[in-house]
Amino acid sequence: IWLVLNDLLVSTLSPAGTTRYVVKIGNRFEEQMSSGIWISSAAGSTAAVMSAGGKILPVNARKFQYVVREVYQKKFGPRRLLKGIMSSTQRLEVVSRMKEGRIFVDGANLVAPFRLGDRLQVRLSNQPLKIVGLRN
C-alpha cells in the first residue's frame, strides 16, 4: 500500500513504448493500449495530469482522476474509459497485460514493477492530508 501525494503513472518499462492493460471502474471495464495512464490526487492535478488533458481540482477535494495518454483505438475500437473524475467512494483498477510494466509513484523516485496479471487498485485514503498554510 502506497500513500500517493500527487500522481501515479502506469506505463511500460520505457514510457515511450506501448502500455497494455485493462481498466475497471465499478462493473465497467475495457482493454486498452496507450502510452500509459496518469492517476492523480487533487493535490497533483496541476501537474502532469493537467498537461495530459485532466482538470484542475481544488486541493482539498475528496476526488481523484485518471487520464489515458495517447490511446490506440485501432485494435479494440473506440475506447470510452479515457478520463474521469472519481468520487471518494469509487475505485479504479488497472490490470497489467505487459511483461515489463512499471508504476511510477510521485515522479521517478519510487518505481514498482507491474507485470502480466498484476493489479493496481486506486482509491482515496481515509488518512487526511494536512497542508501547512492552507485554510479549508
Side-chain angles (χ1 to χ4, degrees):
I1 295 178
W2 300 305
L3 293 177
V4 177
L5 177 60
N6 292 310
D7 53 37
L8 299 167
L9 173 62
V10 178
S11 74
T12 61
L13 177 62
S14 167
T18 301
T19 307
R20 293 174 171 85
Y21 53 89
V22 174
V23 173
K24 294 183 179 183
I25 301 171
N27 61 0
R28 299 168 51 202
F29 65 93
E30 134 182 323
E31 190 165 354
Q32 297 182 353
M33 294 169 57
S34 72
S35 295
I37 305 174
W38 282 112
I39 304 167
S40 169
S41 68
S45 67
T46 60
V49 77
M50 182 195 67
S51 296
K55 303 228 183 264
I56 296 175
L57 300 176
V59 72
N60 57 355
R62 295 277 305 144
K63 298 177 180 180
F64 68 99
Q65 67 183 303
Y66 70 97
V67 176
V68 174
R69 305 178 334 148
E70 304 163 337
V71 67
Y72 179 74
Q73 302 211 36
K74 190 171 183 180
K75 182 173 184 175
F76 302 116
R79 304 289 76 197
R80 292 181 174 34
L81 300 177
L82 299 179
K83 66 179 170 178
I85 296 175
M86 311 288 287
S87 74
S88 61
T89 60
Q90 291 181 295
R91 291 177 189 241
L92 172 72
E93 184 173 354
V94 182
V95 181
S96 177
R97 295 283 186 249
M98 303 169 283
K99 290 180 182 176
E100 292 293 333
R102 293 291 184 269
I103 301 169
F104 297 87
V105 181
D106 282 333
N109 292 323
L110 178 58
V111 182
F114 192 52
R115 296 189 180 99
L116 189 62
D118 287 351
R119 295 173 181 270
L120 170 67
Q121 291 186 349
V122 181
R123 65 173 174 78
L124 286 182
S125 173
N126 293 329
Q127 299 177 25
L129 175 64
K130 302 284 186 196
I131 302 174
V132 177
L134 179 69
R135 296 176 191 224
N136 288 333

- Report the hydrophobic cluster partners of Phe29, with the cluster defined as I, L, V, M, F, W, Y residues connected by side-chain heavy atoms closer than 4.5 angstrom, directly or transitively. Val22, Val95
- Steps toward side-chain contact (heavy atoms from CB on, under 4.5 Å) verdict (Leu13, Met98): CA-CA 9 Å; Leu13 177 62; Met98 303 169 283; over 6 Å; no
- Message: My understanding is that only residues two or more places apart in sequence, or in another chain, count here; which of them pass side-chain hydrogen bond (donor to acceptor under 3.5 Å, both in side chains) with Ser14?
- Response: none
- Without swapping roles, check the side chain of Ser11 against the backbone of Gly36 for a donor-acceptor pair under 3.5 Å. no
- With the 4.5 Å side-chain cut-off for hydrophobic clustering, are Ile85 and Val122 part of the same group? no
- salt bridge (charged side-chain N to carboxylate O under 4.0 Å, His left out) contacts in which one or both residues fall within residues 78-94, not counting sequence neighbours: Glu93-Arg119
- Hey, quick one: are Val105 and Leu92 part of the same hydrophobic cluster, counting side-chain heavy atoms closer than 4.5 Å, chains of contacts allowed? yes
- Hey, could you give me each pair passing salt bridge (charged side-chain N to carboxylate O under 4.0 Å, His left out) that has a residue in residues 37-56? Not counting sequence neighbours. none
- Message: According to a hydrophobic-cluster definition based on side-chain heavy atoms being under 4.5 Å apart (Ile, Leu, Val, Met, Phe, Trp, Tyr only), do Trp38 and Val59 belong together?
- Response: no
- Query: For the atom pair CG (Leu9) and OG1 (Thr19), what is the distance rounded to the nearest 0.5 Å?
  - Reply: 7.5 Å
- Query: Hey, does Leu8 have a side-chain heavy atom less than 4.5 Å from the side chain of Leu120?
  - Reply: yes
- Note on the structure: Here the salt bridge (charged side-chain N to carboxylate O under 4.0 Å, His left out) pairs for residues 4-32, sequence neighbours left out, are none
- Query: Hey, are the side chains of Tyr21 and Val10 touching, using non-hydrogen atoms and a 4.5 Å cut-off?
  - Reply: no
- Identify, with sequence neighbours excluded, every residue that meets side chain to side chain contact (heavy atoms under 4.5 Å, CB included) alongside Ser88. Arg62, Leu124
- What salt bridge (charged side-chain N to carboxylate O under 4.0 Å, His left out) pairs are there with at least one residue in residues 102-114, not counting sequence neighbours? Glu100-Arg102
- Query: Are Val67 and Phe64 connected in a single hydrophobic cluster, I mean Ile/Leu/Val/Met/Phe/Trp/Tyr linked by side-chain heavy atoms less than 4.5 Å apart?
  - Reply: no
- Message: Quick one: does any side-chain atom of Thr12 pair with a main-chain N or O of Thr18 as donor and acceptor, under 3.5 Å?
- Response: no
- Message: Would you say Leu110 ends up clustered with Val94 if hydrophobic residues are merged whenever their side chains have heavy atoms under 4.5 Å apart, either directly or through other cluster members?
- Response: yes
- Task: Return each pair, listed once, that meets side chain to side chain donor-acceptor pair (under 3.5 Å) where at least one residue sits in residues 63-74; pairs must be two or more places apart or across chains.
- Result: Ser35-Glu70
- Task: Only counting residues at least two apart or in another chain, list the ones meeting side chain to side chain contact (heavy atoms under 4.5 Å, CB included) with Ser87.
- Result: Thr89, Gln90
Distance-only donor-acceptor pairs under 3.5 Å for side chains of residues 39-50, two or more places apart:
unit_1 : atom_1 : unit_2 : atom_2 : d
Ser40  : OG     : Gly44  : O      : 3.3
Ser40  : OG     : Ser45  : N      : 3.3
Ser41  : OG     : Leu5   : O      : 2.5
Ser41  : OG     : Asn6   : O      : 3.2
Ser41  : OG     : Ala43  : N      : 3.3
Ser41  : OG     : Gly44  : N      : 3.2
Ser45  : OG     : Ala42  : O      : 2.9
Ser45  : OG     : Leu57  : N      : 2.8
Ser45  : OG     : Leu57  : O      : 3.4

